[in-house]
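A short write-up of the structure that comes next.
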Amino acid sequence: MLKAMRASQTLIPTLKETPAEAEVASHVLLLRAGFIRRVAGGLYTWLPLGLRVMRKIEAIVREELARFGAQEIQMPVVQPADLWRESGRWDVMGPELMRMRDRHERDYAMGPTHEEVVTDLVRRTVDSYKQIPLNVYQMHTKFRDEIRPRFGLLRAREFLMKDGYSFHLDEASLDRTYRDMYDAYTAILKRIGVDFRVVEADAGTIGDGESHEFQVLAESGEDLMAYCPNSGYAANVEKARALAPEPSDERPDSLGKVATPGARTIADIAALLRVDPARCIKTLIVRGAEGPWIALVLRGDHELNETKAARLPPVAAPVTFADDAEVEAATGCPIGSIGPVGLELPVYVDRSAAAAANCVCGANEEGFHLTGVNWSRDFADAEVVDIRNVTEGDLSPDGCGELAFARGIEVGHIFKLGDKYSVPMRLTLQDGAGVETALIMGCYGFGISRLVAAVAEQCHDDDGIVWPASIAPFNVHILALDYANPDVAAAADSLYDACIDAGMDVLFDDRDERPGVKFAESDLLGIPHRITVGARSLARGLVEYKRRADTERVLLTPAEAVSRIASD
RNA sequence: CGGGGCGUAGCGCAGUCUGGUAGCGCACCACACUGGGGGUGUGGUGGUCGCCGGUUCAAAUCCGGCCGCCCCGACCA
C-alpha cells in the first residue's frame, strides 16, 4: 500500500449533499467522503480511501490471528453443489444461497460461508490425528442473496469476511481454540479502538453449541443486547434467559367470564377491564413442526422470543404465525378472544405467565374473556417454558442485578459446530487408540467490510467520520491552502517529504481548491492529524496542527508538527 | 414477499393534481475577481423526464404493465 498520495491525483469523489439512496450515518458518510459507490442493491465498489481502511483492518486481523497459530488459506467463491448436498444444506438453505449452473448444466453455489469446502479439504489432506488441532482461515468475498440488503455496507449481499475453521479430536481441544479465537477477536477490536461488547449468542442453524457474538456498540445497530452492569453477563436478547419468577402467593380467585365486545388487543382488554397488562395473558397460534397448530402463552406485557420458540421441538422453525382465518379454523374463535383454558391444542406457557396469578385471558368465545385465571389450576396441562424476550429491569440470569439494554452491530461470531459437518461429510480420523472418530469443529466469522461501516457508525460527528488512527486511510492530512503560492508550495512539499521520511501515511491536498473546501473535506474524510500550510502563518514560519477528534488548533513549526504526530 | 415512499442533467430537487417551449441549486467548462471553513460575478456544456405499451392533435404530466431504489415488517453462517 502506498504510504503517500497527492489528492490531486487520487480518486476521492466527495459529495456535498446526502445521496437519496442513503439513510444511516455510516452509509451517508462513506458515500459522501468518496470511500465507496453503489453498483446495485447491496453491491459496492471500494474506492481508494475505503479500500485502504479495509486493508488496514485485514492487516490487523492477520497479525492477531497469527499470534494464535491460525493459518491463512483461500478457497473458491464458486463451490460445487455436490458438497452442499453432502452436508444437506443444498436443500435446507433457502434462496439466500445464490445458485448457478455452468455450461455443462452442473450446479454451483456462490459461497455464503465455507464449512463444506473446508471440511472437504481437511478430509483430503489430513491423514493423522497428529496433524490436528488445525486452525485455518481465509479473508474472502462472500455472497448472500439477502431478502433486503440495507444500511449500505452493514447488510450487503457481497462482502468481505474473515472466516476461520478449526478441527479437533476432543472437546478440550476445541475449547482451547475457541478461547483463543475469542481472545484474538477481543484483541483485534481493542487494537482498532472501537467500543464493543462480547455477548452470548444463539447459534442459529449453524450449530447447537456455545456461541459468542462481538458487537460494536451503535444506536443504529440491528442487534439488541441485554447485559448486567454489575457482572460480566451479556447476551443477545435472542438468547438471554428469562429467570423463572417466584410463584405468586396470591389466593386464586374463582374463574369468571366477562363480555368484552370489540376488544382485540391486550391494550384494549387492559383499558376495558382496568387491569395491568401484566395480568393479561396473550395466546399466540403458531405452526407446528408436524401437527397443525401450537398455542404459545405469554404475559400481556411480554414479547415472544421467536428464537427460543423455534427451538421447541413441536414448533416449526422458523416461527410462523397463523393468520386470522387459520386461527379461527384452529380454535373456532377469532383472534382477540382466544385463551389457553380449555383450548384443544398443545399449549406452551412462558414461565412468567405461568407464575402470574388471577389473570385475564380470552374465553375462546368471540367477545368474552375469563378472569381469575391461574395456570396451575386452569390450564396445568400446558408445559412451562422460557419463550419470552427479557426486558430492561429483569433480574439478570446470574442473579447479580438488573438487565440493561444496548444496541450493537455484529462484526464477529464464533461457534462450536460439533460434528454437524464432519458426520455427514465423513470427516474422521483414528485416534491414538486406533478408534475411528468424527472430528469436531469450530467456526469463527469476522465481517471485515461490515466493520468499516460499524466503525464509521460509531466514530463520526456532524462534519464527517473520525477514524481511529489504527485503521484511518491515512494518518496525516496536509492541506496546502494556496498551492499556487510558491512559498506555500515549497513549505508544503517539504512537509510532505518530512512526513514520508518519518514513515507516516500521508494524504497531501495539493489541489487548487479554496480553503473552505479543503477544511470541509478534511473533516469529512476523518484523517486523524491535520496540518494546514497557509501563507498567513507561514510568514512566521509556522503551520497549523489540529487533531480531527479535537477542536484545539496550535501553531507549530513544520518540524514540531511532524514530531508531535510521531509521538502521538 | 406484505405495507409505505420515490424514480426529471453527475448530485440534491421543483414541475405531475389541472396535458401544450423541460426548470432551479450544486458540480463541470471558460474568463475575471477572491484566497484560513463548501466564496462572487459573467458566459457556457450537459436531460431517450426509469422502461414498454395505451389514450390524445399534443404526454414528464392521464391509464395499464414492468424494472429499479429507500424505509418499516418478515428473514438473516
Q: Using whole Å, report how far CD of A/Glu410 lies from C1' of B/C76.
A: 9 Å
Q) Within the structure shown, what part of the strands sits under 4.0 Å from A/Gly41 by heavy-atom distance: base, sugar-phosphate, or nothing? A) sugar-phosphate
Q: Look at the rings of A/Trp467 and A/Phe35 and say which category their plane angle falls in: under 30° parallel, 30 to 60° tilted, over 60° perpendicular.
A: parallel
Q.
Applying ring pair (Phe, Tyr, Trp, His ring centres under 6.0 Å) as the test, list every pair that has at least one member in residues 511-533 of chain A; sequence neighbours left out.
A. A/His529-A/Tyr545
Q.
Could you identify the nucleotide paired to B/C31, looking across every strand shown and requiring Watson-Crick or G-U wobble geometry with both distances under 3.5 Å?
A. B/G41
Q.
Are more than 12 heavy atoms, taken from residues, nucleotides or ligands other than A/Glu219, located less than 6.0 Å from that residue's CD atom?
A. no
(Q) Using atom P in both nucleotides, what's the gap between B/C17 and B/U61 to the nearest angstrom? (A) 9 Å
Q) Which parts of nucleotides 33-41 of chain B does protein reach within less than 4.0 Å, heavy atoms only, written one letter per nucleotide 5' to 3' as B for base, S for sugar-phosphate only and - for none? A) -BBBBBB--
Restricting to nitrogen or oxygen on both sides, can you table the protein-nucleotides 42-52 of chain B pairs closer than 3.5 Å?
none

Polar atom pairs (N or O), protein with nucleotides 12-16 of chain B, under 3.5 Å:
from  : atom 1 : to      : atom 2 : distance (Å)
B/G12 : OP1    : A/Ala20 : N      : 2.6
B/G12 : O2'    : A/Glu17 : OE2    : 3.4

Q.
Using atom P in both nucleotides, what's the gap between B/G19 and B/G2 to the nearest angstrom?
A. 33 Å
Q: Output yes when A/Glu544 and A/Arg530 qualify as a salt bridge under the 4.0 Å nitrogen-oxygen rule, no when they do not.
A: yes
**Q.** Polar side-chain atom of A/Arg37 near backbone of A/Pro13 as donor-acceptor pair, under 3.5 Å
**A.** yes
Pairs under 3.5 angstrom, nitrogen or oxygen only, protein versus nucleotides 72-75 of chain B, please.
from  : atom 1 : to       : atom 2 : distance (Å)
B/C72 : OP2    : A/Arg148 : NH2    : 3.0
B/C72 : OP2    : A/Arg150 : NH1    : 3.4
B/C72 : N4     : A/Arg148 : NE     : 3.4
B/C75 : OP1    : A/Glu306 : OE1    : 3.2

Q) Can you tell me how far the CZ atom of A/Phe446 sits from the OH atom of A/Tyr137, to the nearest 0.5 Å? A) 12.5 Å
Q) Going by atom types only, do A/Asp180 and A/Thr177 share a side-chain donor-acceptor pair under 3.5 Å? A) no
Q.
Between A/Asp202 and A/Lys308, does any NZ, NE, NH1 or NH2 come within less than 4.0 Å of an OD or OE carboxylate oxygen?
A. no
**Q.** Distance in angstrom units between A/Asn236 CG and B/C76 P, rounded
**A.** 13 Å
Q: Could you note down all residue pairs passing ring pair (Phe, Tyr, Trp, His ring centres under 6.0 Å) where residues 138-165 of chain A supplies at least one of them, sequence neighbours left out?
A: none
